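This is a predicted model, so every value here is computed, not measured. So that the names make sense, note that chain A is the first sequence line, chain B the second, and so on, each numbered from 1.
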Amino acid sequence: MQDKPPGDNVDNVVAMKVEATPEAQGNDWSAMLAELGQSRDRQLFIQLFRHFAPRIKGYIIRLGLTEATAEELTQETMLSLWRKAHLYNRDKAAASTWIYTLARNQSIDWMRKQKYPEYDLESWHRDEGEPLQESEAEQSIVSDRVALAIHQLPDNQAQVIYMSFYEGRTHSEIAERLSIPLGSVKSRIRLAAEKLKLVLGGDYEY
Amino acid sequence: MNIKHHLDEATLFSYVAGALGQGTALVVACHVSQCEYCRDRARQLEAIGGALLENNSLSPVSDNALLQVLERLDVRPQATAAAPAHAADSEVPGPLASYIGDSLDEVAWKRLVAGVWVYDLPAQGKGLTRLLRVAPGKAALPHSHRGSELTQLLRGSFIDEVGRFCPGDVADLDDRITHQPLVDSEHDCICLIATEFPLRYTTLLGKLAQPLFGF
Ligand SMILES: [Zn+2]
């Protein structure tokens with residue numbers, strides 16, 4: 001038993017909870033995820049699990065799925081993280097961003113019983129070009145700023161973000177529900193996206 | 001690929017949020033897979049999802065769940081049907097290749113009227129998702145939409161009130177626009193179309209022809 005990685009032993013894993021969860025700020029999750037893709041180190045995986053699994057599950061529950069389903073889909077998401085970690089490119093996105101797409105796809109596939117069309121995970125790996133992210137250390141700050149920015153959006157813009165990300169409603173469905181024209185839905189989304197992207201620090205021009 | 005027509009920001013946003021119908025999501029994925037500009041924009045928007053995930057209220061996950069996952073790490077996933085071989089420079093975008101394979105010439109086209117063929121993709125939820133092949137010089141009926149229509153150009157070209165569309169371009173139209181695309185390429189024009197609701201025709205002829213045209 002001695003020479004096995006900690007993840008292979010049930011007792012170790014439980015015991016490890018105390019020492020191996022530097023839950024504190026400043027953990028570079030993106031570096032850890034990239035490292036996992038190379039090393040397939042179970043201890044790293046466990047750390048990522050402890051940080052992200054409760055967040056993934058929280059997201060899925062907000063989508064309106066039951067506790068049991070959320071638990072199952074969280075496990076599936078973490079498994080796909082393990083299997084696809086080698087495709088992750090930290091120059092392209094923060095770990096939380098990449099993991100969000102995994103959790104989203106897992107949930108939608110389950111709800112629709114149909115695969116959500118992906119634009120090719122391979123391209124995360126393959127793509128050349130400028131890195132999008134600011135320095136890794138800033139990532140958690142960026143997340144906080146986005147959350148804050150969402151709180152500061154006018155209600156009608158925060159509402160369309162919520163209806164899109166958590167209720168999965170199409171533009172037409174939102175229009176119908178709010179009794180506003182389709183064009184208004186789109187412009188609210190555009191305005192909200194614009195503000196949030198400013199916070200994200202992209203220098204994009206449209 | 002010299003792409004001139006891109007996705008609307010609101011469309012891309014909803015795709016990233018997981019809030020597009022299956023068919024429109026497929027067209028978006030096809031465009032994004034071919035368009036570096038929209039791919040960068042999509043990643044920017046995905047960071048919103050990442051921030052939401054990071055700041056979500058946490059829901060406790062038991063150690064038991066962790067153990068169950070650890071036990072499965074070494075289990076190979078069930079062999080899913082092998083993804084069809086897909087060349088990076090194929091005119092069939094990757095997300096579409098999983099439906100029709102890697103060649104537009106092997107599609108089981110169904111003739112609608114002279115010069116117009118369609119191939120409907122399997123169950124995509126509300127609305128229509130189909131490949132459309134139109135002979136040179138043919139025009140589609142003038143129509144507008146209740147809901148959205150997305151068209152990804154795969155081969156040939158067409159021209160309409162908005163501009164000229166070539167392979168890689170996407171026409172992302174909303175319900176304010178009435179348009180009548182005309183195929184102006186030498187060979188057949190092939191595109192992937194997803195509509196959220198059935199199209200509505202703006203002329204009497206259109207209304208009469210609608211059942212025939214099958215839109
Ligand atoms: Zn584009």
* **Atom pair OH (A/Tyr162) and CG (B/Leu52), whose distance is rounded to the nearest 0.5 Å** => 10.5 Å
* Asked: Do the side chains of A/Arg190 and B/Asp8 get nearer than 4.5 Å, heavy atoms only?
  -> yes
* Is there side-chain contact between A/Ile150 and B/Asn55, with heavy atoms separated by less than 4.5 Å? -> no
* Which atom of A/Ser96 lies closest to which atom of B/Glu54, heavy atoms considered -> CB-OE1, 3.5 Å
* Asked: Which of the residues B/Ala42, B/Gly50, B/Cys30 is involved in the greatest number of heavy-atom pairs with chain A at under 4.5 angstrom?
  -> B/Gly50
* **Heavy-atom side-chain proximity of B/Glu9 to A/Lys197 below 4.5 angstrom** => yes
* Asked: Is it true that atom CZ of A/Arg177 has more than 12 heavy atoms of other residues, nucleotides or ligands lying nearer than 6.0 Å?
  -> no
* Closest approach of B/Val61 and A/Thr74, non-hydrogen atoms and distance? -> CG2-CG2, 4.5 Å
* Asked: Which answer fits A/Arg83, side chain, backbone, both or neither, if we ask what part of it has an atom under 4.5 Å from a heavy atom of chain B?
  -> side chain
* Structure fact -> For B/Asp63 and A/Arg50 the tightest heavy-atom approach is OD1-NH1, 3.0 Å
* Quick one: which of A/Pro54, A/Ala103, A/Ser187 has the most heavy-atom pairs under 4.5 Å with chain B, could you say? => A/Pro54
* Asked: chain B heavy atoms under 4.5 Å from A/Glu72: which part of the residue, side chain, backbone, both or neither?
  -> neither
* Using a cut-off of under 4.5 Å on heavy-atom pairs, state which of B/Val69, B/Leu12, B/Val28, B/Val75 scores highest against chain A. => B/Val69
* Asked: Which atoms of A/Phe49 come close to chain B, meaning under 4.5 Å heavy atom to heavy atom: side chain ones, backbone ones, both, or neither?
  -> side chain
* Best-contacting candidate, B/Ala51, B/Pro93, B/Ser59, against chain A by heavy atom pairs under 4.5 angstrom -> B/Ser59
* Just how far is it from atom NZ of A/Lys186 to atom OG1 of B/Thr11, taken to the nearest 0.5 Å? -> 5.0 Å
* Write down the atom of B/Leu53, the atom of A/Tyr100, and the distance for their closest heavy-atom approach. => CD2-N, 3.8 Å
* Closest approach of B/Ala65 to A/Glu71 (non-hydrogen atoms, all atoms of both residues) -> CB-OE2, 3.0 Å
* Asked: Which word best sums up how the rings of A/Phe165 and B/Phe13 line up, parallel for under 30°, tilted for 30 to 60°, or perpendicular for over 60°?
  -> perpendicular
* Interface moiety of A/Ile56 toward chain B, non-hydrogen atoms closer than 4.5 Å -> both
* Asked: Is there a side-chain contact between B/Leu20 and A/Thr170 (heavy atoms, below 4.5 Å)?
  -> no
* Asked: In terms of heavy-atom proximity below 4.5 Å to chain A, should B/Ser62 be classed as side chain, backbone, both, or neither?
  -> both
* Structure fact -> So, the part of A/Ile99 with a heavy atom under 4.5 Å from chain B: the answer is both
* Considering only heavy atoms, which portion of A/Leu63 lies under 4.5 Å from any heavy atom of chain B: side chain, backbone, both, or neither? -> neither
* Heavy-atom distance under 4.5 Å to chain B: side chain of A/Arg169, backbone, both or neither? -> backbone
* Asked: Quick one: does B/Gln22's side chain have a donor or acceptor within less than 3.5 Å of a partner on A/Lys115's backbone?
  -> yes
* **Sidechain-backbone polar pair: B/Tyr15 side chain, A/Pro117 backbone, donor-acceptor under 3.5 Å** => yes
* To do: Could you look at A/Gln75 and say if it's the side chain, the backbone, both or neither that has a heavy atom under 4.5 Å from chain B?
  => both
* Give the minimum heavy-atom separation between B/Val16 and A/Arg104, together with the two atoms involved. => O-NH1, 2.8 Å
* Structure fact -> Scored by heavy-atom pairs under 4.5 Å with chain B, the best of A/Ser164, A/Ser107, A/Gly168, A/Ala53 is A/Ser164
* Asked: Heavy-atom distance under 4.5 Å to chain B: side chain of A/Arg62, backbone, both or neither?
  -> side chain
